[in-house]
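On a predicted model such as this, the values are computed, not experimentally measured, just so you know. Start at 1 with the first residue, then count along the sequence.
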Amino acid sequence: MIILFSLIPTLICFDYKGILNRDLHHIRNELINGSLIEGRLSIKDVENLFTELEKTTSLVHSQQIGQSYLNKTIYSYSLCSNFTQQKPMMLITSLHHSREVASLQMNIYLFLYILWEVEHEKNPFYINMITHNCILIVPFVNIDGYSEIEAEFNKRNLLPKTRKNLNRTILCSEEGELAGVDINRNYGYQFAYDNIGSSDDPCDEAYRGSVAFSEKETQAIKYVVENYNVKMAMNLHSFGNKWLLPYSYGKEELDKDGIPYKIYEDFKQNGRFQGHYKIGHAQELIQYTANGEAADWMLSKGIIAICPELGEQTYSNILANFFPDQEKTLQLFQTEFPPLIDFINYLPFKPVIKNFYQYSQDDVQRLTKTLSENQYLVDIECVNQGVSSGSDHYFVVSDTVQLIEAYYIEMKYDRIYDRDKIQFNILNKIEFENNTISTFQFSPRSKIIYFLILQEIQNENEMKFYFDLNGIDHENTFTLKDFHQMQNKQKMHFNYIFYIGLMILLAMVIAILLKIGFRKQIIKKHQNITELIEQKPEQIELHVQMMK
């Protein structure tokens with residue numbers, strides 16, 4: 001009877017069927033109601049979830065990427081339409097260290113959130129993301145270690161300390177310590193750089209193994225990186241609310257002109273971090289180093305990778321922080337989720353129209369270009385905020401005008417565009433069709449200036465410029481109205497001001513002339529009075545004489 005009652009939570013929890021038909025609150029609650037103690041997810045829970053998702057949507061696909069030391073299959077799950085290994089991908093791993101349970105739940109929540117935004121909310125940004133890119137997650141990197149934790153949960157209701165994998169071929173002599181390899185010290189970049197960032201002691205928690213990629217688990221991740229088109233990666237850990245950026249083995253500096261550096265700096269400024277967080281290199285944040293680490297190796301392969309440590313320390317018992325209860329896990333979904341999704345959002349091609357300029361006749365002459373009647377030249381400044389290129393996208397000019405010629409220049413993302421120094425003969429000509437330009441040349445984190453010569457074909461209609469992935473109604477759409485009418489209005493306005501000014505000037509001149517004339521009359525009158533006064537004494541004397 002006791003056994004029967006103990007099975008009731010397992011039978012009623014984790015209702016993964018129809019999970020996407022509910023709101024996010026329901027999805028979060030499902031992820032804290034797994035079949036293990038305190039609602040934690042079991043390996044079987046996760047496998048059942050993705051089996052069901054593969055049946056209900058064509059956007060979810062599973063892949064076998066390798067085997068564990070104990071020959072358990074390590075799966076990855078992709079979220080994208082028409083999955084191919086060539087699509088640009090964001091790789092998200094969890095449970096490199098098997099006791100860091102919060103990383104598993106967050107990994108699956110990120111996956112379900114994006115899928116929910118596509119299927120339930122019809123969000124155009126995420127529809128575009130998974131149409132042209134893939135989200136690829138590996139829930140159980142250390143599946144053997146997590147299996148051991150499950151067994152401890154079920155048998156003794158304990159919080160096990162298992163961190164490493166179960167390759168215990170080298171016995172550990174210290175009582176209470178278990179042998180095994182720290183998978184996150186077994187990667188190939190700066191492996192065994194020193195014995196501080198990793199250890200050669202099998203009893204140490206950071207034991208790195210005999211050689212780089214000696215472990216089947218790291219070989220599985222290596223297979224993904226070398227055979228899939230991985231552009232970005234997040235290796236989720238817990239705890240500490242620290243966002244560790246490569247390189248963690250030491251103080252190696254990144255190329256400040258490189259795309260990874262620019263993404264990291266942008267993320268530092270714009271990520272929606274909360275709580276007592278820190279972001280930066282391990283050594284500068286916590287005076288801690290790690291060599292043979294996953295994100296370091298991934299960056300050495302050109303992948304923009306980070307290592308988030310999810311959750312702050314909330315318990316005095318440090319081990320308990322690796323196993324947050326249901327309430328704490330829900331808090332993590334609220335506080336740690338925003339910067340994680342912000343980082344994922346760098347993955348797709350993200351073009352933004354920043355500025356538009358119509359050239360005046362003087363500008364056109366300066367560029368040594370001649371325009372016919374009703375033609376005009378514009379430039380449109382755009383930036384690609386993502387890490388994918390625009391190779392399969394288009395820039396569209398609405399059909400209220402006819403595109404006559406198109407040119408472009410490409411420059412660094414953060415370079416200031418100086419219009420006064422542009423010469424038309426250095427521009428690159430673009431082939432186009434039906435007012436549509438291929439953006440094949442729009443590389444990651446770059447700036448494109450399009451120069452377009454347009455022929456107006458419908459008077460007084462709006463003209464729109466947009467990227468096909470955003471659509472004509474997207475907020476980045478830049479709308480133009482009748483330029484010539486605007487110019488005429490400006491000209492009329494100028495003429496109006498000119499004539500008003502001329503009239504005012506004329507009135508002022510007339511007023512001045514009148515004032516001068518009036519002043520002359522007053523002076524003449526004063527002169528007459530003066531003459532009269534001057535003659536008066538003589539007249540008086542004459543009058544006296546006549547009296548005598």
Side-chain angles (χ1 to χ4, degrees), residues 349 351-385 390 393-413 415-442 446-499:
F349 174 55
V352 177
I353 295 175
K354 291 189 66 177
N355 191 24
F356 166 85
Y357 181 77
Q358 179 190 1
Y359 285 76
S360 67
Q361 196 159 4
D362 292 339
D363 291 331
V364 174
Q365 290 174 351
R366 178 178 60 80
L367 293 172
T368 65
K369 192 69 181 174
T370 303
L371 299 183
S372 304
E373 188 177 355
N374 292 330
Q375 289 184 355
Y376 45 87
L377 174 64
V378 300
D379 74 39
I380 302 174
E381 182 180 355
C382 312
V383 296
N384 177 8
Q385 296 180 333
H393 292 290
Y394 297 93
F395 181 79
V396 183
V397 181
S398 65
D399 58 7
T400 54
V401 296
Q402 181 179 347
L403 184 55
I404 303 299
E405 293 180 25
Y407 303 83
Y408 80 94
I409 55 172
E410 183 176 12
M411 58 182 63
K412 290 182 179 179
Y413 181 82
R415 180 182 163 191
I416 302 300
Y417 167 49
D418 189 348
R419 182 175 288 107
D420 293 333
K421 294 183 180 179
I422 296 298
Q423 296 178 355
F424 215 83
N425 58 1
I426 67 169
L427 302 180
N428 303 290
K429 192 164 186 177
I430 308 174
E431 299 297 327
F432 59 88
E433 186 176 353
N434 299 325
N435 274 20
T436 300
I437 299 169
S438 170
T439 59
F440 71 93
Q441 77 285 349
F442 209 161
S446 69
K447 181 182 295 186
I448 287 282
I449 316 296
Y450 290 112
F451 295 82
L452 308 178
I453 297 177
L454 305 169
Q455 175 79 47
E456 189 175 36
I457 58 176
Q458 294 184 28
N459 290 326
E460 307 203 1
N461 279 1
E462 292 183 342
M463 291 170 272
K464 297 185 179 181
F465 304 86
Y466 57 92
F467 291 89
D468 63 329
L469 73 166
N470 295 327
I472 198 166
D473 296 322
H474 192 270
E475 62 182 358
N476 287 337
T477 298
F478 200 102
T479 304
L480 301 174
K481 297 191 177 179
D482 192 334
F483 294 139
H484 299 296
Q485 188 178 16
M486 246 158 64
Q487 289 176 340
N488 290 336
K489 283 183 179 179
Q490 289 175 350
K491 189 174 181 181
M492 289 174 61
H493 183 64
F494 174 79
N495 291 340
Y496 176 75
I497 293 174
F498 174 76
Y499 288 124

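For the pair Q358/L377, no side-chain contact is recorded, criterion being any heavy-atom separation below 4.5 Å from C-beta on. In this structure, the side chains of V397 and F432 stay at 4.5 Å or more apart for every pair of heavy atoms. Inter-residue side-chain proximity for Y376 and E456 is flagged as met; some heavy-atom pair is nearer than 4.5 Å. Residues Q385 and V352 form a side-chain contact, since some pair of their non-hydrogen atoms from C-beta on lies under 4.5 Å apart. Under the 4.5 Å side-chain criterion, counting only non-hydrogen atoms from C-beta, K369 is in contact with E405. At a threshold of 4.5 Å between non-hydrogen side-chain atoms, the residues N374 and Q455 count as touching. Two residues are said to be in side-chain contact when any heavy atoms from C-beta on lie closer than 4.5 Å; R419 and N355 meet this criterion.
Distance check, rounded to the nearest 0.5 Å: CD1 of I449 to OH of Y417 gives 5.5 Å. Put simply, OH on Y466 and SG on C382 are 14.0 Å apart, with the number rounded to the nearest 0.5 Å. Interatomic distance, CG of L371 versus CD1 of I453, reported as 5.5 Å (0.5 Å rounding). Distance OG/S438 to NE2/H393: 10.5 Å, rounded to 0.5 Å.
Ring centroid separation for the pair Y407 and F424 comes in under the 6.0 Å cut-off. Proximity of the aromatic rings of Y408 and F451 is defined here by a centroid distance below 6.0 angstrom, and this criterion is not met. The ring of F349 has its center closer than 6.0 angstrom to the ring center of F442.
The two residues I380 and L452 have their closest heavy-atom pair at CD1-CD1, 4.0 Å. For N435 against L403, the heavy-atom pair with the smallest separation is OD1-N, 3.0 Å. Between R366 and I422, the closest heavy-atom pair is NH1-O, 3.8 Å. Between K447 and E381, the closest heavy-atom pair is NZ-OE2, 3.3 Å. The shortest heavy-atom contact between L454 and I404 is C-CG1, 4.2 Å.
Counted within 6.0 Å of CD on Q365, heavy atoms from surrounding residues, nucleotides or ligands total more than 12; the atom is thus considered enclosed. Counting non-hydrogen atoms of neighbouring residues, nucleotides and ligands closer than 6.0 angstrom, the CD1 atom of I416 reaches no more than 12 such neighbours.
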Show the numbers, then the answer: is there a ring pair (Phe, Tyr, Trp, His ring centres under 6.0 Å) between F467 and Y394? CA-CA 6 Å; F467 291 89; Y394 297 93; over 10 Å; no
Test side chain to side chain contact (heavy atoms under 4.5 Å, CB included) on Y413 and V383 and set out the steps. CA-CA 7 Å; Y413 181 82; V383 296; 3.9 Å; yes
Stepwise side chain to side chain contact (heavy atoms under 4.5 Å, CB included) test for F395 and T436: CA-CA 6 Å; F395 181 79; T436 300; over 6 Å; no
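Of the N and O atoms on the side chains of D379 and Y450, not one donor lies less than 3.5 Å from an acceptor on the other residue.
Looking only at distances, a side-chain donor or acceptor of D418 sits under 3.5 Å from a matching main-chain atom of D420.
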